[in-house]
Amino acid sequence: MDTPGFTVSLVAGGVAGVSVDLILFPLDTIKTRLQSPQGFNKAGGFRGIYAGVPSAAVGSFPNAAAFFLTYEYVKSLLHTDSAPHFKPMKHMLAASAGEVIPFSLVQFPLWESLKALWSWRRGHVVDSWQSAVCGAFAGGFAAAVTTPLDVAKTRIMLAKAGSSTAVGNVLSAMHGVWRSQGLAGLFAGVFPRMAAISMGGFIFLGAYDQTRSLLLEVGRKSL
């Protein structure tokens, strides 16, 4: 990746990260409390849902900037003119290099595929708002299928020190939820999670594409 592209991805990623945290942080707090084993009200209910927003926003800029920088860089390294079916694999590899979590492995290939399909149907590259819509669909789907993993993570984080859950075995935590609460427990908070991440995908990926386009346009005009 050239130096302008390096800088653009870095800044656009940071702006996208801060934007989504400032807007959606409260929904994530509500989702976490819904997944708490002690119940929503005892976990805090709607009290203090904005607590921690400033520190989260400050921390999200470098994290999101590093993710998108890595994502775009790996995509450029894997650039190929081979068959279209290779593209999802390329996006999965790029996403895993940026952030090794199952969520990204679902969201980013789907986002890129939806953009490619929409671009093909429209006959031109999608606009930033269209990219944001694709991001919302991709984020919502990824949120739904990875909810059991998120529930397990929440249970591990909230487990009492020394308990079997606190050890950090995700599969064991999921099995414990399945035995005690069944399928409903594994998908606790799925709808607010889908809503939050769909909106997050719209804002995060839309803001990234919009900021990146603006910065590239400014760069071209300054030449």
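Note that the numbering runs from 1 along the sequence shown for the chain.
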Ring centres under 6.0 angstrom apart (F108, F67) | yes
Roughly how far apart are T154 OG1 and L149 CG, rounded to 0.5 Å?
-> 11.0 Å
Of all heavy-atom pairs linking S60 and D21, the shortest is CB-OD2, 2.8 Å
N/O donor-acceptor pairs under 3.5 Å from side chains in residues 173-187, not counting sequence neighbours:
| residue | atom | partner | partner atom | Å |
| --- | --- | --- | --- | --- |
| S180 | OG | G176 | O | 3.0 |
| S180 | OG | V177 | O | 3.3 |
| Q181 | OE1 | R155 | NH2 | 2.6 |

Might you point out which heavy atoms bring A16 and A207 nearest each other, and give the distance in Å?
-> CA-CB, 4.0 Å
Would you name the heavy atoms of A43 and R33 that are closest together and state the gap between them?
-> O-NE, 3.5 Å
Side-chain contact, heavy-atom cut-off 4.5 Å: F202 with V133?
-> yes
Within one Ile-Leu-Val-Met-Phe-Trp-Tyr cluster: V151 and V170, side-chain cutoff 4.5 Å = yes
When rounded to the nearest 0.5 Å, the distance separating CG of L34 from OG1 of T29 is 11.0 Å
Provide the closest heavy-atom pair for A188 versus T147 in the form atom of the first, atom of the second, distance.
-> O-CG2, 3.9 Å
Going from CG on N63 to CZ on F68, what distance comes out if it is rounded to the nearest 0.5 angstrom?
-> 12.5 Å
Could you tell me whether the side chain of S128 reaches within less than 4.5 Å of the side chain of Y208, counting heavy atoms only?
-> no
Please check if atom CZ in F137 has more than 12 non-hydrogen atoms from other residues, nucleotides or ligands closer than 6.0 Å.
-> no
D209/R212 salt bridge by N-O under 4.0 Å criterion | no
Between L205 and G135, which heavy-atom pair has the shortest distance, and what is it?
-> CD1-CA, 3.6 Å
Judged by atom type as modelled, is there a donor-acceptor pair below 3.5 Å linking the side chain of D150 to the main-chain atoms of T146?
-> no
Roughly how far, to the nearest 0.5 Å, is OG1 of T211 from CG of L216?
-> 10.5 Å
Are L110 and L117 connected, step by step, through hydrophobic side chains (Ile, Leu, Val, Met, Phe, Trp, Tyr) whose heavy atoms are closer than 4.5 Å?
-> no
For the atom pair CG (L215) and CD (Q210), what is the distance rounded to the nearest 0.5 Å?
-> 10.0 Å
Side chains of F40 and I30: closer than 4.5 Å at any heavy-atom pair?
-> yes
Minimum-distance pair of heavy atoms, taken over all atoms of W111 and A138 | N-CB, 3.7 Å
Please determine, by modelled atom types, if S131 and W118 share a side-chain donor-acceptor pair under 3.5 angstrom.
-> no
